[in-house]
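Just so it is clear, the model here is predicted, and its values are computed rather than measured.
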Amino acid sequence: MRCCVCLFQQSLQCSPSKMAAGESNSRSSCLNLSTSGPLGNAPPSNSAHSSPASNGGAVGAAVGMNRSAGNSNPRSGPENGGGAESAVRSTPSAQNPPRQSVGPSGATSGAASNMTATPSSSSSSSSASTASSSADASAAISSLPSSPASVLVYREPVYNWQATKSTVKERFAFLFNNEVLSDVHFLVGKGMGVQRIPAHRFALAVGSAVFDAMFNGGMATTSTEIELPDVEPAAFLALLKFLYSDEVQIGPETVMTTLYSAKKYAVPALEAHCVEFLKKNLRADNAFMLLTQARLFDEPQLASLCLENIDKNTADALAAEGFTDVDLDTLMAVLERDTLGVREVRLFGAAVRWAEAEAQRQQLQPTPENKRRVLGKALSLIRFPLMTIEEFAAGPAQSGILTDREVVSLFLHFTVNPKPHVEFIDRPRCCLRGKECSITRFSQVESRWGYSGTSDRIRFSVNRRIFVVGFGLYGSIHGPTDYQVNIQIIHTDSNTVLGQNDTGFSCDGTASTFRVMFKEPVEILPSVNYIACATLKGPDSHYGTKGMRKVTHEAPATGTKTCFTFCYAAGNNNGTSVEDGQIPEVIFYT
């Protein structure tokens, strides 16, 4: 049985008159193991190791498309193979259906042995399969069902593909990853993963200033094969797809490598699509990974969104698997934030986990000394003074990461007054943004308010959602003194304690107020009654008089008003009321 290429080669030797005389019985079709269609220009195999197609299997050469061979006239005579005219005339029709060959599995002849069905990565769904090596073809054919009824369909190619594309976009999309008219090839990837991808200098130069300089600049390359070992093949194909057709093909597995390629070749529109994709898929469990990539690729907007996500979901972000893979600079960028919503002891535990992973990456034993070494300056960003003495004693004090001097200094900070200076930050993390606000409910200060273990309490409500981070309290009338204090905010209706802190503060004997902060912000909802409570142990103090039932705070920048309404809190009360008593200040964020 004669194959399509043998018959087509014979047609190159006959005259146009013979072709017109109706020798339809000698027509044949090219081997088609994929979707049939009118186009005869097949996309190439992307393997960099495949051999060039032979003359019998090269569709472009068979229809006179290789311009370098001089076949520039599609309507030339028999010496040029009849061009497009003979190719179109030899297309199978309803009157002359394509011939079929039925034979045993693995058996074929002629051009069929030099052809393989390679899946097309072209945007044209009607592209035919390309030619490859005979070994590949044998493997492809042997993979067909072994039934004797297996059918191999032959179809003649159609040269005039341009006529089937009605717009410039369609024509350029057809050329994506296609050997047709290609004048440059890229060897993309490393090792056995290298792919040989065809492209068109003009199309690339139109879409990228980097490619324009590469092909048309003062130091333009003349090479027809360009190696790109630092680019992933899938990402490079996504880049070319966008340049040829404006289509975006990105997914979770390729978005970061595509973003790298878009930045490398200066395609900002594709960059924007990648960043938008990452924003939509940003979650607590990938926030640290994306933050690392955003810093690497200099994407400040994405980095800011990652940090905001970590602020809101700090515990979940720290527990994510990717947390321990971040670099030291990214870890420090997070630890230095005032807006993390997590207890400091959990932050210390996460830093220790990161140090263990980093020690392993540096091929160090995970000893306390090596953990401290790899943490470096990040250790000083852990705010140990914000822990309770119990949390510190059970964790950091026994970890071996801190020096003996640091442990003693921190224990003194927790237990004695006045508190000694420590080398670690004692500023609370409030997991809130914006400017700290406060209101004062008394207009005058008097002397001698005593304490007997009973709480000072005042009921309040607000007109808008806020977060209370602490109270301002009066100190001793007897000079510098230390107080032990428990502060609470209680939901009035349910009697639920929403936030509290057992701590202490030092005063200097003046009538000023002294800040006592909660460990975490307490959310206060509008038009809901709460009780502010403070239980002090210490000498007599100053107290406020001429209190106000309503106090309004106006934000200087926006003019937003936060209105507090105070009422007497019945029950076990040390005497504080709207008119006089303790708890003169409420410190909050809006």
Side-chain angles (χ1 to χ4, degrees), residues 190 193 230-232 234-235 238 249-264 270-366 370-383 395 399 401 429 431:
K190 296 180 180 179
D230 62 322
V231 180
E232 290 292 326
Q249 287 188 344
I250 52 178
E253 299 82 8
T254 61
V255 61
M256 297 312 306
T257 52
T258 303
L259 177 59
Y260 169 77
S261 300
K263 279 188 165 291
K264 177 177 180 179
L270 183 57
E271 287 182 42
H273 283 292
C274 292
V275 172
E276 189 62 30
F277 180 90
L278 293 172
K279 290 179 184 177
K280 291 180 180 178
N281 292 274
L282 175 61
R283 304 182 307 275
D285 61 355
N286 63 17
F288 271 102
M289 183 274 290
L290 292 183
L291 176 60
T292 301
Q293 300 296 328
R295 289 166 57 85
L296 176 65
F297 293 135
D298 190 25
E299 289 289 344
Q301 185 182 15
L302 178 60
S304 178
L305 290 174
C306 290
L307 289 171
E308 288 179 10
N309 189 286
I310 292 171
D311 286 344
K312 296 175 183 177
N313 308 282
T314 309
D316 292 337
L318 293 175
E321 183 178 351
F323 163 71
T324 56
D325 296 328
V326 303
D327 59 281
L328 179 60
D329 289 339
T330 300
L331 177 66
M332 293 179 63
V334 173
L335 292 180
E336 67 187 8
R337 294 177 66 79
D338 292 333
T339 49
L340 298 177
V342 69
R343 297 186 67 85
E344 208 68 24
V345 67
R346 294 188 65 179
L347 205 57
F348 173 76
V352 172
R353 284 195 296 113
W354 180 89
E356 291 171 350
E358 180 64 17
Q360 185 175 5
R361 285 191 288 268
Q362 297 186 21
Q363 298 182 341
L364 299 173
Q365 291 296 319
N370 285 336
K371 292 177 186 177
R372 183 183 179 101
R373 173 184 169 186
V374 297
L375 280 170
K377 295 181 179 179
L379 182 63
S380 64
L381 300 176
I382 305 292
R383 304 183 186 185
S399 67
I401 294 177
R429 301 185 195 267
C431 70

- Query: Quick one: do Arg361 and Glu358 make a salt bridge, cutoff under 4.0 Å?
  - Reply: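 Yes, Arg361 and Glu358 are salt-bridged.
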- Ionic contact status for Asp298 with Lys263, cut-off 4.0 Å: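 No.
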- Output, in order, the C-alpha distance, side-chain angles, deciding distance and verdict of side chain to side chain contact (heavy atoms under 4.5 Å, CB included) for Asp338 and Arg383. CA-CA 10 Å; Asp338 292 333; Arg383 304 183 186 185; 2.5 Å; yes
- Message: If you count heavy atoms of other groups shown closer than 6.0 angstrom to NZ of Lys312, is the number above 12?
- Response: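 No, the 6.0 Å shell around NZ holds no more than 12 heavy atoms from other groups.
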If every non-hydrogen atom of [X] is compared with every non-hydrogen atom of [Y], which pair is closest and at what distance?
X: Trp354; Y: Thr324; result: CD1-O, 3.6 Å
X: Ala284; Y: Asp316; result: CB-CB, 3.8 Å
X: Gln365; Y: Ala359; result: O-CB, 4.4 Å
X: Ser261; Y: Val231; result: OG-CG1, 3.4 Å
X: Ala333; Y: Arg295; result: CB-NH1, 3.8 Å
X: Leu375; Y: Ala355; result: CG-CB, 3.8 Å

- With distance as the sole test, does Asn286 use its side chain to make a donor-acceptor pair with the main-chain N or O of Met289 at under 3.5 Å?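 No, because the side chain of Asn286 does not come within donor-acceptor range (under 3.5 Å) of the backbone of Met289.
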- Query: Hey, does Tyr260 have a side-chain heavy atom less than 4.5 Å from the side chain of Leu296?
  - Reply: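 Sidechains of Tyr260 and Leu296: no contact.
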- Item | 4.5 Å side-chain heavy-atom contact, Glu344 and Ile382 |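 Contact flag for Glu344/Ile382 side chains = yes.
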- Gln362 vs Asn370, side chain to side chain contact (heavy atoms under 4.5 Å, CB included): CA-CA, chis, key distance, verdict: CA-CA 10 Å; Gln362 297 186 21; Asn370 285 336; over 6 Å; no
Measuring from [X]:[atom1] to [Y]:[atom2], what's the distance to the nearest 0.5 Å?
X: Leu328; Y: Lys377; atom1: CG; atom2: NZ; result: 10.0 Å
X: Leu379; Y: Arg373; atom1: CG; atom2: CZ; result: 15.0 Å
X: Asp230; Y: Thr257; atom1: CG; atom2: OG1; result: 11.5 Å
X: Leu270; Y: Ile250; atom1: CG; atom2: CD1; result: 7.0 Å
X: Cys306; Y: Lys279; atom1: SG; atom2: NZ; result: 10.5 Å
X: Glu232; Y: Thr254; atom1: CD; atom2: OG1; result: 10.0 Å

- Task: Can you run down the ring-ring contact (aromatic ring centres under 6.0 Å, His included) pairs that involve residues 274-313, sequence neighbours left out, and say none if there aren't any?
- Result: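 For residues 274-313: Phe288-Phe323.
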- Among Leu340, Leu302, Leu291, whose side chain to side chain contact (heavy atoms under 4.5 Å, CB included) with Leu307 holds?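 Result: among Leu340, Leu302, Leu291, Leu291 is the only option passing the side chain to side chain contact (heavy atoms under 4.5 Å, CB included) with Leu307.
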- From CA spacing to verdict: side chain to side chain contact (heavy atoms under 4.5 Å, CB included), Gln293, Leu278: CA-CA 11 Å; Gln293 300 296 328; Leu278 293 172; over 6 Å; no
- Task: Tell me, with the steps shown, if Arg346 and Leu318 meet side chain to side chain contact (heavy atoms under 4.5 Å, CB included).
- Result: CA-CA 9 Å; Arg346 294 188 65 179; Leu318 293 175; 5.5 Å; no
